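FYI, the numbering just counts along the sequence from 1. As the structure is a prediction and not an experimental result, all values here were calculated from the model.
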Amino acid sequence: MSFLIKRTAFFSLNDETVISIIMSVDVAIAIENARLHKAEMEFVRINEEVRLAAIIQSDLLPKSSPIIPGYESQECQCPAQSVGGDYFDFIPMNDGRMALCLGDVSGKGLPASLLMANLQATLRGQTLVSQRPLECLLRSNRLLCESTSPEKFATDIYVFLKSNNIHSITLMQATIGLSWLESTIQFND
């Protein structure tokens, strides 16, 4: 802040005007600096939340592909932003089958990552209690529709694999109008 030293006893009206201008500029600069500091602190906080969300989302996805005799798999998840709505999963079932899920939810960023987490939890839960792919997806669809706004949606490829001497692949696909197609393919080694 600038100071004026006056050698006479009184400040003139002109002196007071100059002093008030100088002080108002200094006050404006201090207010702007405080506003910028607050904005930067908010930016740092949001970046930290996004960083933590990316870690949480990464923890929800498989760390490696399971070994399924007769099959090879490779996974990679690269969101357009720090977090996103891409989803894949390998869910071992009690009867020796493996559920494979590959999905994407509408949107990008944090909102999409939250919907992806909901999709992951729902499909995992329903896969463990439903032995038929159609039943699992119908129940998952109902639960997701109840907890998601109508403009949000998810697409998903859902496959049950059984690997023994005869391989069995059951694929679920939803078509326009939500009619479900269930296809099973069997083949020998």
Quick one: OG1 on T148 to CG on N141, what's the gap to the nearest 0.5 Å?
9.5 Å
With hydrophobic residues grouped by side-chain heavy-atom distances under 4.5 Å, do L143 and L60 end up in a single group?
no
How close do F90 and R124 get, counting heavy atoms only, and between which atoms?
O-NH2, 3.3 Å
Please confirm whether the backbone N or O of L110 pairs with a side-chain atom of S113, one donor and one acceptor, at under 3.5 Å?
yes
Identify whether I157 and L61 are in the same connected component of the hydrophobic contact network (ILVMFWY, side-chain heavy atoms under 4.5 Å).
yes
Could you tell me whether K38 and E42 make a salt bridge, using a distance below 4.0 angstrom between a side-chain N and a carboxylate O?
no
How far does CD1 of I29 sit from CG of L36, to the nearest 0.5 angstrom?
11.5 Å
So, for S147 and N118, which heavy atoms are closest and what is the spacing to 0.1 Å?
OG-ND2, 3.1 Å
Heavy atoms, side chains only, cut-off 4.5 Å: are V129 and R139 in contact?
yes
If you group Ile, Leu, Val, Met, Phe, Trp and Tyr by side-chain heavy-atom gaps below 4.5 Å, do M98 and L102 land in one group?
yes
For residues Y158 and T127, is any side-chain donor paired with an opposing acceptor at under 3.5 Å?
yes
For Q126 and L137, indicate whether the former's side chain and the latter's backbone hold a donor-acceptor pair under 3.5 Å.
no
Between the side chain of T122 and the main-chain N/O of L144, is any donor-acceptor distance below 3.5 Å?
no
Is it true that, when you exclude N94 itself, more than 12 heavy atoms of the residues, nucleotides or ligands shown sit nearer than 6.0 Å to its CG?
no
Looking at CG of L115 and OG of S106, how far apart are the two atoms once the value is rounded to the nearest 0.5 Å?
6.0 Å
S149 and E151: which non-hydrogen atoms are nearest, and at how many Å?
OG-OE2, 2.9 Å
Would you say the side chain of D26 lies within less than 4.5 Å of the side chain of I22, judging by non-hydrogen atoms?
yes
Under 4.5 Å between any side-chain heavy atoms of D89 and L123, yes or no?
no
Looking at S20 and T17, would you say the former's side chain and the latter's main chain have a donor-acceptor pair under 3.5 Å?
yes
Quick test of your reading of the model: are R51 and E48 salt-bridged, counting only N-O distances below 4.0 Å?
yes
Any heavy-atom pair between the side chains of I91 and C101 that's under 4.5 Å?
yes
Do K152 and V105 come within less than 4.5 Å of each other through their side chains, counting heavy atoms only?
no
Between CG on residue N47 and CD on residue E40, distance to nearest 0.5 Å:
10.5 Å
Report yes if the side chains of M116 and Q57 come closer than 4.5 Å at any heavy-atom pair, otherwise no.
yes
Measuring from D86:CG to D104:CG, what's the distance to the nearest 0.5 Å?
5.0 Å
Hydrophobic cluster identity match, L114 and L119, side-chain contacts under 4.5 Å:
no
Taking the side chain as every heavy atom from C-beta outward, state whether D156 and Y87 have any atom pair closer than 4.5 Å.
yes
